[in-house]
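Because only heavy atoms are used, hydrogens play no part in the values below, and waters and symmetry mates are left out as well, while side chains stay in. Chain naming here is simple, since letters A, B, ... match the order of the sequence lines and numbering starts at 1 in each.
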Amino acid sequence: MINRPKGTNDIYGEEIEYWQSFEKAARKVAGVFGFQEIRTPIFEMAELFIRSVGDETDIVQKEMYTFEDKAHRLLCLRPEGTAPVVRSFIENNMASDGLPKQVYYMGPMFRYERPQAGRQRQFHQFGAELIGSSSPLADAEMIWMSIFLLEELRLHRYTLQVNMLGCQNDREAYKAALKEHYRDKLDAICPDCRRRYETNALRLLDCKVEGCQTIKEGAPILTDFLCPECQNHKRQVSQILAQYNIDATWNPRLVRGLDYYTGIVFEVKYPFKETVFDLLGGGRYDQVIEQLGGSATPSVGFACGIERMVATMREEKAIEEPASLCQVFVLSIGEEAKRESLKITDFLRKRGISVQHDLMGRNIRNQLKYADKQRALYTIIIGEDELDKGVYLVKEMDTGDQIEVESFWVENYILEKLAAL
RNA sequence: GUGGUUAUAGCUCAGCGGGUAGAGCGUCUGACUGUGGAUCAGAAUGUCGUGGGUUCAAAUCCCACUAGCCACCCCA
């Protein structure tokens with residue numbers, strides 16, 4: 001017996017219905033905002049992520065599925081979606097199509113880590129990238145789209161957090177001040193924080209260890225280090241969001257795990273059972289395209305975890321019941337009846353009706369049981385009596401009523417009935 | 001990578017003072033010889049997660065491994 005690899009999942013049956021419902025909504029929202037789908041490879045050169053996501057990040061340090069191919073190229077399964085899109089943007093010279101370039105993607109991502117609630121090794125993301133605009137309108141557009149998606153999915157209990165990380169100068173100045181604040185307190189903070197102090201000072205703000213909280217409280221605030229330009233940008237984003245009636249909480253301590261974020265970043269949190277999911281996150285990444293060898297092009301994007309979305313949708317009962325698996329079941333008894341049933345099945349299927357017939361050689365009773373289990377709306381019953389009389393029985397499953405219909409008319413009768421629903 | 005916890009039928013679980021498996025649900029069949037959803041009856045399906053140890057004897061006790069779940073780290 002071979003089991004699926006750790007941290008992976010089979011998605012089928014009822015579960016897949018919910019996924020498809022999400023995907024449909026996501027595509028709709030993307031379309032409404034003028035985004036076109038892009039499909040990039042599932043594996044890329046490992047270098048792509050090391051250079052964009054950042055070699056200090058956990059993703060690169062310990063979570064990448066890297067492997068060598070037979071020509072000794074160092075490849076990896078993609079851990080996130082933005083870098084491949086940027087790579088493709090540059091490689092295919094999409095800038096020449098005119099800017100902004102607006103694309104969305106949906107598919108599996110891979111990170112080697114311990115699975116738990118809302119976290120798998122193979123997980124799925126829906127994401128969108130708006131490439132080419134530095135305007136606050138572009139930041140607001142992506143936040144708007146995120147919220148639009150949540151609303152479309154009828155998930156209303158979200159909280160949106162936004163932060164302005166500032167430009168490079170602002171961040172350097174802030175980081176210096178932050179380190180200054182922590183310098184004489186290194187003995188008092190947790191080991192993780194001591195490490196962060198050296199490698200990525202901004203993430204000191206992420207620490208949840210109790211002993212570090214008071215020190216964090218007294219730390220300088222990023223907002224105070226923003227240059228006039230960044231302050232202005234932040235103000236404009238805030239105004240535009242207000243105009244869209246989007247309720248955003250500005251959190252100066254919000255920092256994100258990927259190194260490439262600059263300027264505006266945002267996250268959506270959502271209560272899920274005992275915990276809180278980070279449903280979705282995004283932000284501006286103005287330097288990435290240049291870092292990857294393109295010409296400097298400002299960009300914003302976001303991504304959401306589909307597993308978490310689907311779990312939340314189910315928890316909120318925000319999805320309709322999956323549709324019935326067949327609209328019509330054609331029941332037959334005997335060989336001649338079977339031949340007739342195949343004709344009707346074919347006719348109806350060619351008109352887009354979902355039809356099933358007996359493939360198991362079951363008796364009438366068990367065929368009806370099966371039809372019921374498939375949630376059929378109508379069952380057409382064909383037996384010897386019907387063949388003799390030239391009429392078939394049409395049974396409406398939820399009422400149990402059945403009437404005789406002239407055999408030549410039965411398909412049209414069904415079409416009329418279904419059209420009237 | 002660290003810590004906690006669990007693993008018995010397709011699913012949910014009982015059996016754990018050792019004596020080679022059971023319930024409910026589901027599936028299939030029948031009662032109803034041509035009528036589903038209700039009821040009743042019957043049937044099928046298990047290397048009791050894997051490997052080792054203790055023992056005359058292990059689902060049960062011990063150890064290791066693997067996997068699930070949960071938390072930390074981090075993230076979607």
Taking only side-chain N and O atoms of [X], does any of them lie within less than 4.0 angstrom of OP1 or OP2 on [N]?
{"X": "A:N366", "N": "B:rC28", "value": "no"}
{"X": "A:K6", "N": "B:rU66", "value": "no"}
{"X": "A:Q116", "N": "B:rA71", "value": "yes"}
{"X": "A:R365", "N": "B:rG36", "value": "yes"}

Aromatic ring pairing A:F126/A:Y104, orientation class (parallel under 30°, perpendicular over 60°, tilted between): tilted
Out of B:rG36, B:rC73, B:rC69, whichever nucleotide has its closest atom nearest the side chain of A:P115: B:rC69
Proximal nucleotide (of B:rA71, B:rA76, B:rU27) relative to the A:A117 side chain: B:rA71
Spell out yes or no: do the side chain of [X] and the base of [N] have one donor N/O and one acceptor N/O closer than 3.5 Å?
{"X": "A:R114", "N": "B:rG3", "result": "yes"}
{"X": "A:E113", "N": "B:rA76", "result": "yes"}
{"X": "A:E386", "N": "B:rG34", "result": "yes"}
{"X": "A:Q367", "N": "B:rU35", "result": "no"}
{"X": "A:K395", "N": "B:rU35", "result": "yes"}

In whole angstroms, how far is the [atom2] atom of [N] from the [atom1] atom of [X]?
{"X": "A:N363", "N": "B:rU35", "atom1": "CG", "atom2": "P", "answer": "9 Å"}
{"X": "A:I333", "N": "B:rG36", "atom1": "CD1", "atom2": "C1'", "answer": "13 Å"}
{"X": "A:R4", "N": "B:rU66", "atom1": "CZ", "atom2": "C1'", "answer": "14 Å"}
{"X": "A:Y261", "N": "B:rA76", "atom1": "OH", "atom2": "C1'", "answer": "10 Å"}
{"X": "A:D398", "N": "B:rA38", "atom1": "CG", "atom2": "C1'", "answer": "17 Å"}
{"X": "A:I403", "N": "B:rU35", "atom1": "CD1", "atom2": "C1'", "answer": "16 Å"}

The single option from A:K269, A:R119, A:R308 passing salt bridge (Lys or Arg N to Asp or Glu O under 4.0 Å) against A:D278: A:K269
Sugar-phosphate only, base, or nothing, as touched by A:R256 at under 4.0 Å among non-hydrogen atoms: sugar-phosphate
Pi-cation contact, A:Y112 with A:K62 (under 6.0 Å, within 45°): no
Paired nucleotide for B:rC28 [Watson-Crick or G-U wobble; both distances under 3.5 Å]: B:rG42
Heavy-atom side-chain contact between A:I240 and A:P136 under 4.5 Å: yes
Minimal non-hydrogen separation, A:A138 against A:R284, with atom names: CB-NH2, 3.8 Å
